[in-house]
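What follows is a short report on a single structure.
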Amino acid sequence: MPGKQVRFAETHLLLTPPTPPPFLPFPSPSTPLTPLSSSNDIPSPSSYIAPPFSQPITPTQIHPLLQWTGTPVLNFDLRRSPATITSNLQRLLRETLSESATAPILKSLTIMIPGLPWTITVNASRKYVTVQDVLDELYYFFRKNISAEEFHALPTDQARRKVTLAYEQRYRRITSPREYEDEKRRGVTRVDFMMGHNNFAGLSPTTLGPECLLLYAT
């Protein structure tokens, strides 16, 4: 049975880092992709939305636009630019997005992602980390390409098929032919490791320190 073929694109888009190069998995015809479903060999959807940590005694206060409450305030698809974010509850003013993401104010944040091997570091664009800083860094973080080694480090073939399916769904949703091809050439990115859990749902504090937060996505 032929294995997965891997092609590395020769060109990069503006947001593509020089390393690692885009990784484009092509499943074997004899290994069909399956729809997203629960499985014992990969993190379940609940592992992306249930914090594994108990709350600290004095937790960091998180800005209402970013705080996990069970009902997301922002409509933020992590696959799309923060410029497309909307809110059902309030108008998103530049002044609001420039407010501190936390109280007390912090110069940097570390955001953990349940089920994934990376953490997100958000550095302040001014004297403190703003709401906009967090949204921008989430987008740029998840746009980064993964390497072939990271892809094949996934625990099972099922997990790799689900990541591949998320990659294909990401570029197939685009209607513009040019943008479709650009997104396809970009290859697998970190957001595909979310396996369809692409909607930002909020952040919560952890017991690991005031600067360590947990990402919720649905």
Side-chain angles (χ1 to χ4, degrees), residues 1-49 72 74-86 113-118 120 135 137-201 215-218:
M1 178 185 298
K4 284 185 182 294
Q5 298 179 357
V6 179
R7 177 164 65 86
F8 293 88
E10 298 179 357
T11 60
H12 303 278
L13 302 181
L14 179 61
L15 295 180
T16 304
T19 56
F23 173 72
L24 297 94
F26 291 94
S28 165
S30 60
T31 309
L33 293 174
T34 57
L36 291 174
S37 61
S38 60
S39 172
N40 293 329
D41 54 16
I42 64 169
S44 66
S46 62
S47 65
Y48 290 104
I49 61 177
L74 298 178
N75 301 313
F76 181 18
D77 185 333
L78 295 169
R79 299 170 298 180
R80 304 183 65 189
S81 166
T84 65
I85 296 175
T86 61
I113 317 163
L116 296 186
W118 311 292
I120 305 170
L135 299 176
E137 188 57 40
L138 285 171
Y139 173 69
Y140 289 120
F141 173 86
F142 281 112
R143 287 290 282 175
K144 291 180 180 178
N145 288 99
I146 59 96
S147 66
E149 290 75 15
E150 288 172 316
F151 180 80
H152 291 295
L154 287 165
T156 65
D157 288 339
Q158 177 77 350
R160 285 184 282 274
R161 286 197 294 270
K162 290 191 175 186
V163 169
T164 299
L165 179 60
Y167 157 64
E168 293 180 338
Q169 290 175 333
R170 173 163 52 82
Y171 69 78
R172 286 174 177 171
R173 68 189 169 88
I174 299 174
T175 56
S176 166
R178 180 175 179 179
E179 293 179 6
Y180 173 99
E181 290 299 329
D182 286 345
E183 192 72 6
K184 183 178 181 179
R185 282 196 300 270
R186 174 176 287 278
V188 177
T189 63
R190 287 174 173 174
V191 77
D192 300 320
F193 274 48
M194 298 293 280
M195 301 183 191
H197 302 280
N198 303 313
N199 297 308
F200 174 78
L215 174 67
Y216 291 65
T218 58

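For the residue pair Arg160 and His152, the shortest heavy atom distance occurs at NH1-O, 3.3 Å. In this structure, Ala166 and Gly196 approach most closely via the heavy-atom pair CB-N, 4.3 Å. Among all heavy-atom pairs drawn from Met195 and Ala159, the shortest one is CE-O, 4.0 Å. The two residues Phe193 and Glu150 make their nearest non-hydrogen contact at CZ-O, 3.9 Å. Arg170 approaches Gly187 most closely through the heavy-atom pair NH2-O, 2.7 Å.
At a cut-off of 3.5 Å, with distance as the only test, a side-chain donor of Arg161 or Gln158 sits close to an acceptor on the other residue.
Annotation: side chain of Ile174 is not in contact with side chain of Asp182 (no heavy-atom distance under 4.5 Å). Between Leu78 and Phe76 there is a side-chain heavy-atom pair separated by less than 4.5 Å. Inter-residue side-chain proximity for Ile113 and Phe142 is flagged as met; some heavy-atom pair is nearer than 4.5 Å.
Looking at residues two or more places apart in sequence or on another chain, you find a side-chain contact (heavy atoms from CB on, under 4.5 Å) between Asp77 and Arg79, Arg80, Asn198, Asn199. Take Ser81 and apply the side-chain contact (heavy atoms from CB on, under 4.5 Å) test, not counting sequence neighbours, and it matches Ala83, Tyr139. In this structure, Thr175 has no side chain to side chain donor-acceptor pair (under 3.5 Å) partners at least two apart in sequence or on a different chain. For Phe141, there are no ring pair (Phe, Tyr, Trp, His ring centres under 6.0 Å) partners, not counting sequence neighbours.
In this structure, CD on Glu179 lies 10.0 Å from CZ on Arg173, to the nearest 0.5 angstrom. One distance of note links CD of Glu183 with OH of Tyr167; it measures 9.0 Å at 0.5 Å rounding. The line from CG of Asp192 to CZ of Phe151 is 9.5 Å long, rounded to the nearest 0.5 Å. How far CD1 of Ile146 is from CG of Leu154: 7.5 Å, rounded to the nearest 0.5 Å. One finds the CG atom of Leu215 at 6.0 Å from the CD1 atom of Ile120 (value rounded to the nearest 0.5 Å).
Relative orientation of the Tyr171 and Tyr180 rings is perpendicular, given thresholds of 30° and 60° on the angle between their planes.
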